[in-house]
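To start, the structure under review is shown below, and the notes come after it.
Lettering follows sequence order; numbering is per chain, from 1. Predicted, not measured: the structure shown is a model, and the values here were computed from it.
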Protein chains: 2
Amino acid sequence: MATGREIAQLCGVSVATVSRVFNQPETVNEDTRERVLRVAKELDYRPNESARALSTKQSTMIGLVWDTDHRRPGWRHPYLQDLLIGLKSALSAHGYHLLMLATSGDAREVGASLADPVGYVNMTRRHHLGGLVLIDSGSDAEAFEAFAQSGVPCVALDVAVDGPRATYVTSDNSGGARAAVAHLVGLGHSRIATITGPPGNQPSDARLSGYRAALRDAGAEPRAGYVVAGDFYRASGTAAMQRLLALDEPPTAVFAASDEMAVGALLAARAAGLRVPRDLALVGFDDIEIASVVDPALTTVAQDKPGFGVAAAKAIMAMITGGGPEGPVVLPTQLVVRDSCGAR
Amino acid sequence: MATGREIAQLCGVSVATVSRVFNQPETVNEDTRERVLRVAKELDYRPNESARALSTKQSTMIGLVWDTDHRRPGWRHPYLQDLLIGLKSALSAHGYHLLMLATSGDAREVGASLADPVGYVNMTRRHHLGGLVLIDSGSDAEAFEAFAQSGVPCVALDVAVDGPRATYVTSDNSGGARAAVAHLVGLGHSRIATITGPPGNQPSDARLSGYRAALRDAGAEPRAGYVVAGDFYRASGTAAMQRLLALDEPPTAVFAASDEMAVGALLAARAAGLRVPRDLALVGFDDIEIASVVDPALTTVAQDKPGFGVAAAKAIMAMITGGGPEGPVVLPTQLVVRDSCGAR
DNA sequence: CTGAAAGCGCTTACAG
DNA sequence: CTGAAAGCGCTTACAG
């Protein structure tokens with residue numbers, strides 16, 4: 001690893017000039033600039049990132065807050081990989097790396113926990129991170145609010161935050177849910193129930209309101225017992241479906257606020273001797289891999305998974321280079337009609 | 001963010017002493033040490049990482065090489081999330097963060113591509129990374145070999161590498177495959193075919209050899225046309241199954257080297273009017289989520305997914321703190337019997 | 001257009 | 001046990 005000083009000596013210039021060549025090229029004479037550039041290239045010189053960060057108080061890293069080993073060991077993001085692909089690619093395009101921050105549980109207190117957002121904020125200062133991307137695990141709202149207020153640029157995924165340098169990206173959950181339920185209405189269903197995510201969770205609540213809106217559009221409203229809460233995971237879908245089937249007048253169609261719950265519901269329906277979609281129409285949300293693999297293949301509302309990451313990257317870069325936060329980014333969703341709704 | 005100097009002034013000591021309190025506590029007088037510690041705690045002092053890295057030439061970050069936006073945009077790791085959870089948690093326990101390195105495609109040439117492993121090696125030097133974790137995307141062997149030879153500590157996942165400071169972790173692929181096929185043999189099958197992963201790929205080849213070994217154990221050997229190559233993805237499983245069904249004497253059982261391909265094979269079998277497991281027994285590999293969701297639920301060989309990450313973290317930490325590389329880590333696998341093999 | 005100097009915040013021999 | 005000093009490699013006013 002060549003250093004700036006070596007380049008300088010080889011070129012007969014000062015290190016300041018070498019530095020300028022890379023940071024304010026227009027301020028240096030063309031001849032010397034090219035000489036420096038050539039030598040730098042030969043030696044494959046690249047500025048040391050630690051030194052640069054120390055000096056400029058800015059690194060080329062964005063922090064990722066993703067709570068893994070904390071209270072909810074079983075928690076999983078429905079499409080983390082796609083999200084990361086989008087995020088990493090878009091960040092790469094700006095020359096930024098993604099730093100997955102260590103979380104608590106270690107001996108040396110280097111990691112932080114969401115119970116102590118200050119720890120993360122400190123970490124971003126110590127590493128001179130450009131900002132923070134916050135991946136929600138369903139109930140981090142308070143912690144995220146603390147980040148948002150801290151003043152470090154941050155963008156949250158799927159949770160509404162507000163702060164001087166904070167924004168968030170989310171899908172058009174209510175619109176997607178509305179389209180899904182409208183589709184069910186269009187198929188002639190009038191007894192449409194929903195299995196929601198955890199109350200208070202932003203996408204969960206939005207999907208529920210989309211469900212209500214679609215019923216309203218149809219001049220109807222949810223029957224008693226037709227809104228039952230799950231937690232986005234499969235088992236809760238099964239339990240919810242069982243409750244729905246126990247009603248005096250069970251639904252003929254169910255909109256589940258996640259594919260996982262839809263699958264859970266499917267299992268429950270099957271166990272109860274119902275055939276999907278003939279006896280029960282089912283629509284999910286997310287369009288994760290299992291949706292297309294399950295039998296019958298699940299009709300669902302697709303989210304733009306890599307788009308999530310890309311949008312987050314864009315938003316954070318805008319705050320780093322530009323100024324204040326822009327409004328929340330709302331990604332379009334798309335109804336994917338497969339077999340579980342009975343449209344085919 | 002308090003600096004060491006502030007602590008020093010407040011305590012009436014030099015910055016050197018403050019530094020010692022954190023790095024070689026035993027060399028400083030107990031009273032002053034506690035005074036420093038107390039003040040440091042009050043101000044929530046933590047050493048600036050950039051400065052520390054610049055000075056010690058060591059950061060608390062491990063690089064992650066994960067090729068995303070390159071040639072194979074469709075590539076997916078079967079269980080990246082679990083792997084990352086294990087990796088991140090185990091690294092956190094040592095106070096290390098995970099840096100997902102930017103890849104090529106950006107204007108500023110900050111990212112590297114696997115076609116140019118040197119770029120990554122430079123990056124690890126510039127950031128003073130402790131080492132590199134290499135996630136294989138099926139055909140990165142040559143690039144990984146270059147990393148392994150570079151001298152930077154690195155551990156590859158699922159691809160055998162060799163170098164002065166390099167090792168790898170993988171599952172007991174051959175043992176797992178052998179157990180799976182032995183199970184099929186135990187169920188009375190004698191016409192057992194296999195759908196392999198891409199030839200040359202380490203897990204793929206190992207699984208194939210496990211298949212052969214199990215047949216040999218049974219005093220048999222693969223019939224002509226009973227070994228057909230896929231690429232680990234679903235579509236290739238479907239295609240392979242179609243070829244198997246076109247044989248004069250089609251198999252009564254199939255071991256697919258991945259769950260994705262097993263699902264593909266299942267679809268093909270179903271399309272051909274076969275019932276699984278009655279007409280065809282099927283076993284997969286990986287135990288990813290879809291395995292338990294598909295109908296019939298897939299019998300498969302489970303890998304220790306978070307264990308992969310944990311093992312990688314352990315190996316890299318050992319090389320950072322200790323010295324030379326230890327031998328490859330081989331994780332045990334486990335046969336998970338569900339419905340697709342007909343054992344129930 | 002370019003250089004000398006100071007500074008970013010820490011660590012580590014070297015004296016004492 | 002502790003301080004003064006040098007150094008890590010870069011950037012950025014400040015002069016010239």
Between atom [atom1] in [X] and atom [atom2] in [N], what is the gap in whole Å?
X       : N       : atom1 : atom2 : answer
Q9(A)   : dG9(D)  : CD    : C1'   : 13 Å
E6(B)   : dC8(C)  : CD    : C1'   : 14 Å
R52(B)  : dT12(C) : CZ    : P     : 8 Å
R46(A)  : dT11(D) : CZ    : P     : 14 Å
R5(B)   : dA4(D)  : CZ    : P     : 12 Å
L54(B)  : dG7(C)  : CG    : C1'   : 12 Å
H128(B) : dC10(D) : NE2   : C1'   : 11 Å
I7(A)   : dT2(C)  : CD1   : P     : 16 Å

Side chain to side chain contact (heavy atoms under 4.5 Å, CB included) partner of [X], the single match among [options]:
X       : options                          : value
D140(A) : L114(A), V161(A), V65(A)         : L114(A)
F308(A) : L84(A), L87(A), V169(A), V329(A) : V169(A)
D136(B) : W66(B), F144(B), Y168(B)         : F144(B)

Have a look at [X] and say if it touches a base, only the backbone sugar-phosphate, or nothing, with a 4.0 Å heavy-atom cut-off.
X      : value
T17(B) : sugar-phosphate
V18(A) : nothing
Y45(A) : sugar-phosphate
S14(A) : base

Complementary nucleotide for dC14(D) - Watson-Crick or wobble, under 3.5 Å: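 dC14(D) is paired with dG3(C).
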
Has [X] got a side-chain N or O lying under 4.0 Å from the OP1 or OP2 atom of [N]?
X      : N       : value
S55(B) : dT11(C) : no
N48(A) : dC10(D) : no
K57(B) : dT11(C) : no

Residues D31(B) and R33(B) bridged, charged N to O under 4.0 Å: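 Looking at R33(B) together with D31(B), the answer is no, because their closest N to O distance does not fall below 4.0 Å.
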
Please check if the side chain of R35(B) supplies one atom and the backbone of C11(B) the other of a donor-acceptor pair under 3.5 Å.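 Yes, the answer is positive, given that a donor and an acceptor are paired below the 3.5 Å cut-off.
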
Spacing of CG belonging to L134(A) relative to CD belonging to E145(A), to within rounding of 0.5 Å: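 The CG atom of L134(A) sits 10.5 Å away from the CD atom of E145(A).
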
Checking contacts here: which listed nucleotide ([options]) is nearest the side-chain heavy atoms of [X]?
X      : options                 : answer
N23(B) : dG3(C), dT11(C), dG9(C) : dT11(C)
V15(A) : dC8(D), dT11(D), dG3(D) : dT11(D)
R20(A) : dA5(D), dC10(C), dT2(C) : dT2(C)

Start at the 5' end of DNA chain D and walk down; is the nucleotide closest to F22(A) or to A51(B) reached first?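 Closer to the 5' end of DNA chain D: A51(B).
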
Derivation of the side chain to side chain donor-acceptor pair (under 3.5 Å) call for S137(A) and D67(A): CA-CA 7 Å; S137(A) 60; D67(A) 201 28; 4.9 Å; no

Residues within residues 25-35 of chain A bordering DNA chain D, heavy-atom distance below 4.0 Å: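 Going residue by residue through residues 25-35 of chain A, none turns out to have a heavy atom under 4.0 Å of DNA chain D.
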
Within a reach of under 6.0 Å around CD of E42(B), are more than 12 heavy atoms found that belong to other residues, nucleotides or ligands?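 Yes.
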
